[in-house]
Amino acid sequence: MKIKLGKAKKAKTKKDSETKTEAISDMSKFAIVESYKAARTNIMFSLSSSESKAFAVTSYSKGEGKSTVSSNLAISFAKMEKRVLLIDCDLRRPNVHNIFKLENVTGVSNIIGKMGDFDEAVHREVLPNLDILTSGTIPPNPSELLCSPRFVKLVERLKDEYDYIIFDTPPVGVVADALLLKDLVAGFVVVIRERSTTHGDVQNLLESARLADCKLLGFAKVGCISSRKRRRRGYGYYYYQYY
């Protein structure tokens, strides 16, 4: 597998460091929508050998676009008329609610902390067939909450209600929270950003996944700059690749 990545991270201006957090819609560029469809198809093939239809999206560093990717994958899966639940498990730096312009008063942390229940917290039919559970109040102990028996029990129950569950998880290079979900998901989709993610980042992530015995489903590369010829054809913005 070849991954075209920069050799080193360059200093970012404020403009460069701001990751676009736009949900795809009928007005989105054809190339972007089709790339998410391709990613969806490849993920479905990757999940075909697993009983679980739950998977997590992560990255190595913050600001690489994992929340946007997980949100748009959820939208793409929902367009197949499958019941989809997107869960924001980045309890330290939540962003999914911003992408969909939702309130984040009650969510994952509140449910686990017995300060609310799922039916009250979940945002039903944010889009057709798509429900969203936000992260909720930022807790002092996010790692402990994500591996708690109460959260495990909740997820196992929700697997009977939804066709697909997608977890937006914290960056692996920042905290190890994402890897705590390994027993709840079929695997991880890793987001890498052109001119930001380095070869060293990918190597470190692969080593962390190996030590934690996590399965990687593939890489989603974002922020690609295609040639003028390819750009005219409408391809090359996002792509998905098997691992």
Side-chain angles (χ1 to χ4, degrees), residues 18-47 52-59 64-91 93-111 116-136 154-155 157-170 181 184-189 191 217-218 220 222-223 234 237-240:
E18 291 175 349
T19 304
K20 291 184 178 180
T21 56
E22 297 179 355
I24 55 175
S25 67
D26 294 336
M27 302 300 293
S28 299
K29 293 181 179 179
F30 174 82
I32 299 176
V33 174
E34 289 302 308
S35 294
Y36 276 110
K37 287 182 180 179
R40 179 186 70 194
T41 300
N42 287 331
I43 292 172
M44 290 174 65
F45 276 117
S46 298
L47 296 175
S52 175
K53 294 300 182 287
F55 66 92
V57 179
T58 192
S59 62
E64 292 180 318
K66 64 173 183 58
S67 294
T68 301
V69 171
S70 59
S71 297
N72 288 333
L73 284 174
I75 293 172
S76 186
F77 272 90
K79 286 184 178 294
M80 298 191 304
E81 297 187 359
K82 299 292 186 181
R83 293 288 298 149
V84 179
L85 175 65
L86 173 62
I87 303 179
D88 190 347
C89 289
D90 194 341
L91 304 186
R93 192 171 179 265
N95 196 38
V96 167
H97 66 285
N98 291 325
I99 295 175
F100 290 94
K101 298 179 174 58
L102 302 172
E103 291 186 355
N104 190 33
V105 177
T106 305
V108 174
S109 61
N110 305 93
I111 296 173
D117 59 47
F118 177 79
D119 290 328
E120 293 176 348
V122 67
H123 295 267
R124 300 279 187 186
E125 295 290 322
V126 174
L127 292 172
N129 303 307
L130 175 60
D131 293 350
I132 296 177
L133 181 62
T134 61
S135 60
L154 171 65
V155 173
R157 177 174 69 84
L158 294 175
K159 286 181 179 180
D160 294 330
E161 183 177 342
Y162 292 92
D163 297 306
Y164 292 95
I165 299 178
I166 302 173
F167 298 88
D168 177 44
T169 64
L181 301 175
L184 295 178
V185 299
F188 292 81
V189 173
V191 176
L217 301 177
V222 303
Y237 190 79
Y238 286 81
Y239 81 92
Y240 181 87

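Bear in mind that the values here come from a model prediction, so they are computed numbers and not experimental data.
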ask   = If we only count heavy atoms from C-beta on, is the Val108 to Leu91 side-chain gap below 4.5 Å?
value = yes

request  = Answer yes or no: is there a side-chain heavy-atom contact under 4.5 Å between Arg93 and Pro170?
outcome  = no

Under 3.5 Å: donor-acceptor pair, side chain of His123, backbone of Glu103 = yes

note = Heavy-atom nearest pair, Ala23 first then Ile75, reads CB-CD1, 3.7 Å

message = I want to check something: taking the side chain as every heavy atom from C-beta on, are Leu86 and Ser70 in contact at a cut-off of under 4.5 Å?
response = yes

query = Do the rings of Tyr162 and Phe118 sit parallel, tilted or perpendicular, given the 30° and 60° boundaries?
reply = perpendicular

query = Can you name the nearest heavy-atom pair linking Ile99 to Ser71, along with the distance?
reply = CD1-OG, 3.5 Å

query = Considering only heavy atoms from C-beta outward, does the side chain of Val57 approach that of Val191 to under 4.5 Å?
reply = yes

ask   = Below 4.5 Å, heavy atoms only, C-beta onward: do Phe55 and Ile43 meet side chain to side chain?
value = yes

query = Of the non-hydrogen atoms in Val222 and Glu64, which two are nearest, and what is the gap between them?
reply = CG2-O, 3.3 Å

request  = Take Thr169 and Leu181 through the test side chain to side chain contact (heavy atoms under 4.5 Å, CB included) and record every step on the way to the result.
outcome  = CA-CA 9 Å; Thr169 64; Leu181 301 175; 3.5 Å; yes

inquiry  = Any heavy-atom pair between the side chains of Leu133 and Asp88 that's under 4.5 Å?
reply    = no

task = Could you tell me whether Phe77 and Tyr36 have their ring centroids closer than 6.0 angstrom?
result = no

inquiry  = Check whether Thr134 reaches the backbone of His97 with its side chain - one donor and one acceptor, N or O, closer than 3.5 Å.
reply    = no

task = Start with the C-alpha gap between Arg124 and Glu161, add the side-chain angles, then the distance that decides, and say whether salt bridge (charged side-chain N to carboxylate O under 4.0 Å, His left out) holds.
result = CA-CA 13 Å; Arg124 300 279 187 186; Glu161 183 177 342; 3.0 Å; yes

message = Does Glu125 have more than 12 heavy atoms from other residues, nucleotides or ligands lying within 6.0 Å of its CD?
response = yes

ask   = How far apart are the closest heavy atoms of Val69 and Ala220, and which atoms are they?
value = CG1-CB, 4.4 Å

request  = Find the distance between NZ (Lys82) and CZ (Arg40) and round it off to the nearest 0.5 Å.
outcome  = 10.5 Å

key: Beyond-backbone contact of Asn95 with Asp90, side-chain heavy atoms, under 4.5 angstrom   = no

Minimum heavy-atom distance Ala31-Ser35, with the two atoms named = O-OG, 2.8 Å

request  = Determine the minimum heavy-atom distance between Leu73 and Ala39, stating which atoms define it.
outcome  = CD2-CB, 4.0 Å

note = Partner of Arg83 under side chain to side chain donor-acceptor pair (under 3.5 Å), picked from Asp163, Asp131, Asn129, is Asp131

message = I'd like to know if the side chain of Lys79 reaches the main chain of Pro128, judged simply by a donor and an acceptor atom lying under 3.5 Å from each other, with no hydrogens or angles considered.
response = no

ask   = Hey, are the side chains of Cys89 and Asp168 touching, using non-hydrogen atoms and a 4.5 Å cut-off?
value = no

